[in-house]
Asker: 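One structure is given below, represented as structure tokens, and several questions about it will come after.
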Number of protein chains: 2
Amino acid sequence: MSLRYALLALLTAQPMTGYDVAKTFHSSVGHVWHAPDSQIYPELKRMELDGLIRGEDIARTSRAGNATKRLYGITEAGVAAFRQWMSVPTEYSAERNPAHLRAAYFEWADAASVRAQLLAHIEHWTEMREQWVGQLSSFADRSHPIFQKRLEISPPSEWPRITAWKMFAYEGLIAQADQQIAWAKKGLALEASLDNG
Amino acid sequence: MSLRYALLALLTAQPMTGYDVAKTFHSSVGHVWHAPDSQIYPELKRMELDGLIRGEDIARTSRAGNATKRLYGITEAGVAAFRQWMSVPTEYSAERNPAHLRAAYFEWADAASVRAQLLAHIEHWTEMREQWVGQLSSFADRSHPIFQKRLEISPPSEWPRITAWKMFAYEGLIAQADQQIAWAKKGLALEASLDNG
DNA sequence: GAAAACATGTAACCGGTTACATGATTCT
DNA sequence: AGAATCATGTAACCGGTTACATGTTTTC
């Protein structure tokens, strides 16, 4: 159910068409809560039915053609629902960790597989880390369009608060990635010692 | 699809009834890959149909009564499938992180809610940490029944390998919990500074 | 004229969640 | 006799995944 609120979060910055929601989603909230386009479009429809957002058909082209696109804006009910969601405690889902599951039984894999898995783990978390670092620096240098827009529509007195939490969230994700990378490196060392020692 | 392999992992130690699988699951692999009983029983049936495990009806009671229970043992095909799975690279699912999603928008929550969320985060990961530490010490002092059984059926030359990977996996989870707790504590400090400073 | 980007989905499937259902055996 | 624990599920639902479908407008 978080997708709905991730979308609301995005739409608190500015009204957008479904296409723009999807696109900016992938380069903002999507780094924390992934969703494919095929989930975003239907969810927007449902959110409109539930009154959280309001859709308006607007012309898709400047001159000829009669195609339209739908511009979604958050409603007061949507803002209220988002605020409400922000104040209720997070539900933690039960642990389900494929990498650690495998690692616990690495004695069943040969040395090459173990190394490959650990290297893939490092690669995966390095990529994640890069994405998050990229987000973080685009907050810092104000090159992040949605974040920029968010600041523009907020009173300057709120800027430190908005910025601080955003950085806090992404720094946490980066620390998480660092920890995963460090763990996998320890695993590579362990593999080497089991192999030779 | 990992549940299937988590169950196979468990059954490499010894044959068990569905009930025992479910019970020991919750106090072993279940700490890395959670599943409710309602998922375990049907999956065992499917695994038997697929020839990964073999089920045998045995008497449930020593004397009177004619009730039976089903004892499942891993087959050669099951062992092969498990080994195969251990050698293919892990698939990483896209990031979906409810706590960090919220944190990125904490400016929408009041101070009390923020504090409550962060404290709940600390509580959650402290509980997880305790579970994992418990597992780890039960490997160390040989009080973990499944782990003990696993060593018994393995040649002593394999014991260091088996033990080392198990500890590696759980130490990684503990480090993860520590990192989450540290992050939330930084959040509490940040909240205080935004509030007063 | 073709390719890229805009724009919006549907359908089938699958794994996981939640709630409920039922009966047998053993222990006190 | 009643409680605990053994023993095994079913059914409805729901969110997410994967693959596919289709047409328009803009840009080169």
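We use all heavy atoms of the structure for the numbers below, so side chains are in, but hydrogens, waters and symmetry mates are not. In what follows, chains carry the letters A, B, and so on, assigned in the order in which the sequence lines appear, proteins first and then strands, with residues in each chain numbered from 1. No experiment lies behind these values; they were computed from the predicted model shown.
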Asker: Calculate the interatomic distance between A:Arg96 atom CZ and D:dG15 atom C1'; express it in whole Å.
Answerer: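 The answer, rounded to whole Å, is 13 Å.
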Asker: Under a 4.5 Å side-chain heavy-atom rule over Ile, Leu, Val, Met, Phe, Trp and Tyr, are A:Leu71 and A:Tyr41 clustered together?
Answerer: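 Per the 4.5 Å side-chain linkage, A:Leu71 and A:Tyr41 are not co-clustered.
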Asker: Could you grab the distance from atom NZ of B:Lys23 to atom CG of B:Asp20, nearest 0.5 Å is fine?
Answerer: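 Reported to 0.5 Å precision, the distance equals 6.5 Å.
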Asker: Distances under 3.5 Å only, N/O to N/O: pair up the protein atoms with those of nucleotides 1-4 of chain D.
Answerer:
none

Asker: Look at the side chain of A:Ser38 and the base of D:dT18, then say whether one donor and one acceptor between them are separated by less than 3.5 Å.
Answerer: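 Yes, the side chain and the base share a sub-3.5 Å donor-acceptor pair.
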Asker: If I take atom CG in residue B:Asn97 and atom C1' in nucleotide D:dG16, what distance separates them, rounded to the nearest angstrom?
Answerer: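 Rounded to the whole Å, the gap is 17 Å.
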Asker: Rounding to a whole Å, what distance do you find between B:Met1:CE and D:dT17:C1'?
Answerer: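 Spelled out: CE on B:Met1 to C1' on D:dT17 is 14 Å.
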Asker: To the nearest Å, give me how far apart CG (A:Leu101) and C1' (C:dG15) are.
Answerer: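 In whole Å, C:dG15 C1' lies 16 Å from A:Leu101 CG.
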Asker: Counting just side-chain N and O atoms, does A:Lys69 come under 4.0 Å of either OP1 or OP2 of C:dC6?
Answerer: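 No, no such contact exists.
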Asker: Is the distance from OP1 or OP2 of C:dG9 to the nearest side-chain N or O of A:Arg46 less than 4.0 Å?
Answerer: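 So the side chain of A:Arg46 is outside the cut-off, no N or O lying under 4.0 Å from OP1 or OP2 of C:dG9.
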Asker: So which heavy atom on B:Pro98 is nearest to which on A:Glu91, and how close?
Answerer: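 Closest heavy-atom pair between B:Pro98 and A:Glu91: CG-O, 4.3 Å.
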Asker: Any pair with a residue in residues 132-156 of chain B that passes side-chain hydrogen bond (donor to acceptor under 3.5 Å, both in side chains), sequence neighbours left out, goes on the list, sorted by first then second residue, please.
Answerer: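 Sorted pair list: B:Thr12-B:Arg150, B:His31-B:Gln135, B:Gln135-B:His144, B:Asp141-B:Ser143.
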Asker: Does B:Lys45 come within less than 4.0 Å of B:Glu48, counting only side-chain N to carboxylate O?
Answerer: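 Judged by the 4.0 Å cut-off on N to carboxylate O distance, B:Lys45 and B:Glu48 do not form a salt bridge.
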Asker: Does the C:dT25 base have a donor-acceptor partner in the side chain of B:Arg60 within less than 3.5 Å?
Answerer: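 Donor-acceptor pair under 3.5 Å: no.
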Asker: Rounding to an integer number of Å, can you tell me how far B:Gln39 CD sits from D:dC14 P?
Answerer: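 After rounding, the gap between these two atoms is 18 Å.
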Asker: Roughly, in whole Å, what's the span from CG in B:Leu44 to C1' in D:dT8?
Answerer: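 After rounding, the gap between these two atoms is 11 Å.
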Asker: Do the rings of B:Phe147 and B:Phe139 sit parallel, tilted or perpendicular, given the 30° and 60° boundaries?
Answerer: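 Rings of B:Phe147 and B:Phe139: tilted, as their planes differ by 30° to 60°.
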Asker: Want to settle it: does A:Leu3 or B:Tyr72 sit nearer the 5' end of DNA chain D, counting the closest nucleotide to each?
Answerer: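 Mapping each residue to its closest nucleotide by heavy atoms, the 5'-most match is B:Tyr72.
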Asker: Which residues in residues 15-37 of chain B have a heavy atom closer than 4.0 Å to any atom of DNA chain D?
Answerer: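 B:Gly18, B:Tyr19, B:Lys23, in order of number.
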Asker: Report the distance from atom CG of A:Asp57 to atom C1' of C:dA7, rounded to the nearest whole Å.
Answerer: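 A:Asp57 atom CG is separated from C:dA7 atom C1' by 12 Å.
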Asker: For residues B:Ala169 and A:Trp183, report the shortest heavy-atom separation together with the two atoms involved.
Answerer: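 Residues B:Ala169 and A:Trp183, closest heavy atoms: CA-CZ2, 4.2 Å.
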Asker: Counting only side-chain heavy atoms from C-beta out, which of D:dG15, C:dT8, C:dT25 sits nearest to A:Arg70?
Answerer: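 My answer, after comparing the listed nucleotides, is C:dT8.
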Asker: Mind checking whether A:Phe106 and B:Trp165 have parallel, tilted or perpendicular rings, split at 30° and 60°?
Answerer: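 Rings of A:Phe106 and B:Trp165: perpendicular, as their planes differ by over 60°.
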Asker: Parallel, tilted or perpendicular: which fits the ring planes of A:Trp85 and A:Phe82, with parallel below 30° and perpendicular above 60°?
Answerer: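 The arrangement is parallel - the two ring planes meet at less than 30°.
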Asker: Please state how far atom OH in A:Tyr41 lies from atom P in D:dG15, giving the value in whole angstrom units.
Answerer: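 Interatomic distance, OH of A:Tyr41 to P of D:dG15: 21 Å.
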